[in-house]
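Okay, structure first, notes after.
Positions are given from 1, in the same order as the sequence printed here. Atoms within a ligand are numbered from 1 in the order they appear, just like the ligands themselves.
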Amino acid sequence: MKIAFFDTHQFERNFFQKENEKFGHDITFFETRLTEQTANLAAQYPCVCAFVNDRLNSKTLNSISANGTRLIALRSAGFNHVDMKVACDLGLHVVRVPEYSPHAVAEHAVALILSLNRKIHRAYGRVREGNFSLDGLVGFDLYKKTVGVIGTGRIGAVFAKILAGFGCQVIAYDRVQNSELLTAGVQYVSLNELLKKSDTISLHVPLTPETRHVIDEKALALTKKGVMLINTGRGALIDTRALIESLKSGHIGYAGLDVYEEEEGIFFENLSDQILQDDQLARLLTFPNVLLTSHQAFLTDEALGNIAHTTLQNITEFEKGNILSNQNVRAKHLKR
Ligand code: NAI
């Protein structure tokens, strides 16, 4: 099938090219993001392959639909960047990669915790400058600390088990309880209790209208002074303005962020020779106790291989008229 690939990056291209030797699709890689301005590039492509910062709003969807696209293959788990109602109304099928490596993301969240706690990001720079002093690098034992996990789906569950292995007391909040975690000693509590009791809080819920700004000014006020906040979910789970205020006041002890509310157009790009125009992001980068990565939690060999395989498999299923294993629920009734 002819596929227009948007927001393509060097780190993923080889995985798709190699995997496509088995599937034989006709792929055109575009480096540009898919937006209402670039949607015309998809003309005559029955399939559009999109990534997390492509903007699949009503205008974009109407444009690609009018130009003959019938399938949107997301090479991501999250689908908060697609207006699903409009896609459904237009008869556009949307498939995604619901699971590619929960371990990749969970392990990155743990990497953020360990780096922030033991100040590895600061120590790395110091010793390379010949500064072998230890002042300012004091961390804490994770052992016996309380770690709060918001969202114990695929990623949150792996994360909870890793932290349990460190000897942490793991508490969790989710609307569904995971029996395996209960057996492993994880205790489910209300969101408020989790916010009040946790030394470290890690976010693993999807971004939905209900979870948007789940960490806002009120939630932050409930947390312990010195709390560590980790977000590998989606940027808008946290109200960035409130986070900055809480960091400035010294209430938040550490923030490890792999995602950012306004990351679209910034993350995944090399902007090192430009003036950063996002003042909130610029402010976040000034805090010594903030560690920011550019939406890279998924970035492992295993995850990239699985993303390429499942994406191309999803497209083949559509092409052959087979049942779509990874179609978004809302659109399942659509005719083909
Ligand atoms: P999942 O669907 O397996 O788990 C999500 C969990 O959140 C479920 O247990 C669900 O019950 C819970 N949940 C949803 N809404 C809730 C609410 N309003 N209140 C309480 N609990 C709620 O998803 P998975 O695979 O664990 O991924 C989680 C998120 O991680 C994705 O939606 C995505 O946004 C993000 N992600 C980030 C990546 C990165 O590279 N930084 C890579 C992959 C995913």
Side-chain angles (χ1 to χ4, degrees), residues 7 9 11-12 50-54 56 74-82 84 94 96-113 148-163 170-182 186 188-195 201-216 219 229-238 255-261 263-264 266-268 291-308 310-311 326 328-330:
D7 201 15
H9 300 274
F11 67 74
E12 61 186 344
F51 200 33
V52 288
N53 286 330
D54 289 315
L56 291 129
L74 301 175
R75 50 189 198 281
S76 61
F79 52 90
N80 52 286
H81 54 307
V82 185
M84 289 307 303
V94 182
R96 64 185 179 119
V97 187
E99 173 174 336
Y100 40 86
S101 172
H103 301 277
V105 184
E107 288 171 14
H108 191 78
V110 177
L112 290 174
I113 293 175
V149 188
I150 300 183
T152 53
R154 297 175 186 88
I155 297 168
V158 172
F159 173 84
K161 284 188 233 163
I162 297 173
L163 270 296
V170 182
I171 57 176
Y173 168 73
D174 196 305
R175 53 189 179 197
V176 186
Q177 300 199 354
N178 175 322
S179 54
E180 209 190 322
L181 291 187
L182 285 168
V186 173
Y188 279 89
V189 296
S190 69
L191 180 59
N192 281 1
E193 194 176 342
L194 182 145
L195 294 169
I201 296 170
S202 194
L203 301 175
H204 300 287
V205 279
L207 178 62
T208 64
E210 289 154 40
T211 61
R212 184 177 190 84
H213 287 186
V214 63
I215 302 296
D216 60 5
L229 187 59
I230 302 293
N231 189 8
T232 58
R234 283 291 180 268
L237 296 174
I238 299 179
L257 310 172
D258 184 52
V259 283
Y260 167 61
E261 231 178 328
E263 69 181 53
E264 188 189 309
I266 300 175
F267 282 19
F268 307 133
L291 182 50
L292 213 133
T293 51
S294 170
H295 205 138
Q296 72 171 73
F298 70 99
L299 205 64
T300 66
D301 281 337
E302 291 80 358
L304 287 166
N306 290 336
I307 289 171
T310 305
T311 303
N326 297 311
N328 190 281
V329 177
R330 282 188 81 133

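Contact annotation: for Y100 versus ligand 1, heavy atoms closer than 4.0 Å belong to the side chain alone. With a 4.0 Å cut-off on non-hydrogen atoms, T152 touches ligand 1 through its backbone and not its side chain.
Atom 33 (C) of ligand 1 has its closest protein heavy atom at R234 NH1, 3.6 Å. Of the protein's heavy atoms, T232 O, 3.8 Å lies nearest to atom 38 (C) of ligand 1. Shortest contact from atom 20 (C) of ligand 1 to any protein heavy atom: R175 N, 3.5 Å. The protein non-hydrogen atom at the shortest distance from atom 30 (O) of ligand 1 is I155 CD1, 3.7 Å. Nearest protein heavy-atom contact of atom 4 (O) of ligand 1 is G153 CA, 3.2 Å. Considering only non-hydrogen protein atoms, atom 35 (C) of ligand 1 sits nearest to G233 O, 3.6 Å. Shortest contact from atom 1 (P) of ligand 1 to any protein heavy atom: R154 NH1, 3.7 Å. Of the protein's heavy atoms, V205 CG1, 3.7 Å lies nearest to atom 13 (N) of ligand 1.
Each of the following atoms of ligand 1 lies closer than 4.0 Å to a heavy atom of P206: 5 (C), 7 (O), 14 (C), 32 (O). Ligand 1 places these atoms under 4.0 Å from at least one heavy atom of H295: 39 (C), 40 (O), 41 (N). Residue contact check: D258 has heavy atoms under 4.0 Å from atoms 39 (C), 40 (O), 41 (N) of ligand 1. Each of the following atoms of ligand 1 lies closer than 4.0 Å to a heavy atom of H204: 5 (C), 28 (C). Atoms of ligand 1 lying under 4.0 Å from at least one heavy atom of F298, given by number and element, are 40 (O). Residue E210 has at least one heavy-atom neighbour below 4.0 Å for each of these atoms of ligand 1: 18 (N). In the vicinity of A297, heavy-atom distances shorter than 4.0 Å reach the ligand 1 atoms 39 (C), 40 (O), 41 (N).
A side chain to side chain contact (heavy atoms under 4.5 Å, CB included) with V82 holds for exactly one of N328, D54, L74; it is L74.
For ligand 1, none of its N or O atoms has an N or O atom of N80 under 3.5 Å away. At least one N/O-N/O distance between D174 and ligand 1 falls below 3.5 Å. When only interatomic distances are considered, the shortest N/O to N/O separation between T211 and ligand 1 does not fall below 3.5 Å. Considering backbone and side-chain N/O atoms, V259 never comes within less than 3.5 Å of an N/O atom of ligand 1. An N or O contact shorter than 3.5 Å is missing between L207 and ligand 1 by distance. Checked against a 3.5 angstrom limit, the closest N/O atoms of T208 and ligand 1 fall outside it.
Distances shorter than 4.0 angstrom do not occur between any heavy atom of P102 and any atom of ligand 1.
Heavy atoms of other residues, nucleotides or ligands lying less than 6.0 angstrom from CD of E99 number more than 12.
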Could you go through V97 and N306, starting from their C-alpha distance and side-chain angles, then the distance that decides it, and tell me whether this counts as side chain to side chain contact (heavy atoms under 4.5 Å, CB included)? CA-CA 9 Å; V97 187; N306 290 336; 5.9 Å; no

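The two residues S76 and V52 make their nearest non-hydrogen contact at CB-CG1, 3.6 Å. Taking every heavy atom of both residues into account, Y173 and L191 meet most closely at CD1-N, 3.4 Å. Across every non-hydrogen atom of V186 and A172, the tightest pair is CG1-CB, 3.8 Å.
Every pair tested for side-chain hydrogen bond (donor to acceptor under 3.5 Å, both in side chains) that includes a residue from residues 296-305 fails, sequence neighbours excluded, so the list is empty.
The aromatic rings of H204 and F159 lie tilted to each other, with the angle between the two planes from 30° to 60°. Relative ring orientation between F268 and H295 is described as tilted, the plane-to-plane angle lying within the 30° to 60° band.
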